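Note that the coordinates shown come from a computational prediction; the quantities given were computed from them, not determined experimentally. We use all heavy atoms of the structure for the numbers below, so side chains are in, but hydrogens, waters and symmetry mates are not.
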Amino acid sequence: MLARFTAVALTLALAMPAMAADQVEKAPPTGAYKKVSELVKIPDFLPGLGQLYVDPKTLPAGPFLAYDREGRLVSTVYMLPIEDLSNKDKRFDDLAAPGGKVDHVDVYFNAGHPGVEKPHAHVVLWHVPKADEQRVAAK
């Protein structure tokens with residue numbers, strides 16, 4: 001009986017780090033993430049992206065977590081400065097997808113905006129099918 005109790009306790013102890021991981025599926029995410037519209041002067045909801053959250057320590061690249069109007073995660077966005085992308089000594093390795101499974105990826109240029117003023121590339125890791133991108137479209 002003691003051996004069984006010890007095995008269960010050990011299993012739970014090893015599972016604790018996984019249970020302590022940030023929750024990102026619904027807004028607001030847990031952990032160090034902050035609402036971007038509270039960090040810089042941008043709208044709370046950006047058509048095409050949604051409502052963004054970021055850990056300020058990861059700026060400017062991110063990851064930014066993007067949510068639809070119901071608070072459901074739709075994508076993870078990286079904003080990679082063009083000057084860094086053109087620097088042969090700069091790398092962006094092991095970019096995480098905190099939202100899990102990635103359905104498809106979009107990459108496009110952005111000339112800059114509050115929070116990431118320099119020209120950069122948006123790398124959007126969509127966690128929803130292409131048809132569901134409309135959840136962050138303008139309304």
Side-chain angles (χ1 to χ4, degrees):
M1 183 68 149
L2 180 59
R4 189 175 296 171
F5 175 78
T6 303
V8 169
L10 183 58
T11 301
L12 287 173
L14 293 174
M16 285 301 188
M19 288 192 270
D22 292 340
Q23 177 283 122
V24 299
E25 294 300 314
K26 296 289 276 176
T30 60
Y33 291 99
K34 304 290 181 207
K35 190 185 293 189
V36 174
S37 63
E38 294 174 357
L39 299 174
V40 296
K41 189 172 173 71
I42 63 168
D44 192 46
F45 189 91
L46 299 166
L49 288 176
Q51 184 179 65
L52 298 177
Y53 287 81
V54 69
D55 176 347
K57 293 183 296 197
T58 66
L59 292 172
F64 294 80
L65 302 177
Y67 295 87
D68 65 14
R69 292 183 189 279
E70 283 75 46
R72 298 172 295 186
L73 183 70
V74 293
S75 68
T76 299
V77 182
Y78 283 92
M79 300 183 190
L80 307 179
I82 298 299
E83 68 184 20
D84 289 345
L85 291 173
S86 60
N87 178 345
K88 68 179 179 62
D89 297 321
K90 181 71 175 181
R91 297 178 57 97
F92 293 95
D93 293 328
D94 299 320
L95 298 178
K101 180 183 171 289
V102 175
D103 183 84
H104 62 287
V105 178
D106 291 339
V107 179
Y108 54 89
F109 176 80
N110 187 288
H113 49 73
V116 186
E117 286 79 11
K118 294 182 179 182
H120 57 279
H122 281 195
V123 179
V124 183
L125 311 175
W126 289 98
H127 303 295
V128 298
K130 187 101 176 132
D132 286 347
E133 287 182 27
Q134 68 185 348
R135 290 172 27 193
V136 293
K139 287 188 179 182

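Hydrophobic clustering, with ILVMFWY side chains joined whenever heavy atoms are under 4.5 angstrom apart, keeps Leu39 apart from Val24. In terms of hydrophobic clustering, with Ile, Leu, Val, Met, Phe, Trp and Tyr side chains grouped at heavy-atom distances under 4.5 Å, Val107 and Leu80 are assigned to a common cluster. Val136 and Ile42 end up in the same hydrophobic cluster when Ile, Leu, Val, Met, Phe, Trp and Tyr side chains are linked at under 4.5 Å.
Side chains of Asp106 and Lys130 form a contact here, defined as non-hydrogen atoms less than 4.5 Å apart. Side-chain atoms of Arg72 and Lys26, non-hydrogen and from C-beta on, do get closer than 4.5 Å to each other. At least one side-chain heavy atom of Thr76 sits under 4.5 Å from a side-chain heavy atom of Pro63. Between Leu95 and Val123, every side-chain heavy-atom pair lies at or beyond the 4.5 Å cut-off.
Taking the side-chain hydrogen bond (donor to acceptor under 3.5 Å, both in side chains) definition, one finds that Glu83 meets it with Lys118, sequence neighbours left out. Annotation: side-chain contact (heavy atoms from CB on, under 4.5 Å) contacts of Pro129 (sequence neighbours excluded): Asp103, Asp132. For the ring-ring contact (aromatic ring centres under 6.0 Å, His included) test, residues two or more places apart in sequence or in another chain that qualify with Tyr108 are His122. Applying the side-chain contact (heavy atoms from CB on, under 4.5 Å) test to Val102 and every residue at least two apart in sequence or in another chain returns Ala97, Val105, Leu125, His127.
For residues 89-98, the side chain to side chain donor-acceptor pair (under 3.5 Å) pairs, not counting sequence neighbours, are Arg91-Asp93. Each ring pair (Phe, Tyr, Trp, His ring centres under 6.0 Å) pair with one or both residues in residues 77-100, not counting sequence neighbours, would appear here, but there are none. The stretch residues 46-63 participates, sequence neighbours left out, in no salt bridge (charged side-chain N to carboxylate O under 4.0 Å, His left out) pair at all. Counting only residues at least two apart or in different chains, salt bridge (charged side-chain N to carboxylate O under 4.0 Å, His left out) contacts with residues 33-53 comprise Lys35-Asp44. Counting only residues at least two apart or in different chains, ring pair (Phe, Tyr, Trp, His ring centres under 6.0 Å) contacts with residues 25-76 comprise Tyr53-Tyr67.
We find the CG-CE distance between Asp84 and Met79 to be 14.5 Å, quoted to the nearest 0.5 Å. Atom-to-atom distance recorded for Glu133:CD and Asp68:CG is 12.5 Å, nearest 0.5 angstrom. Rounded to the nearest 0.5 angstrom, Ile82 CD1 and Asn110 CG are separated by 9.0 Å. Rounding to the nearest 0.5 Å gives a distance of 8.5 Å between CG of Leu52 and CG of Leu65.
Taking each heavy atom of Val74 and Leu49 in turn, the nearest pair found is CG2-O, 4.3 Å. Listed here is the closest heavy atom pair of Val77 and Ala66: CG2-CB, 4.4 Å. The two residues Ala32 and Pro56 make their nearest non-hydrogen contact at O-CD, 3.6 Å.
In this structure, His113 and His120 have perpendicular ring planes: the angle between them is above 60°, well past the 30° mark.
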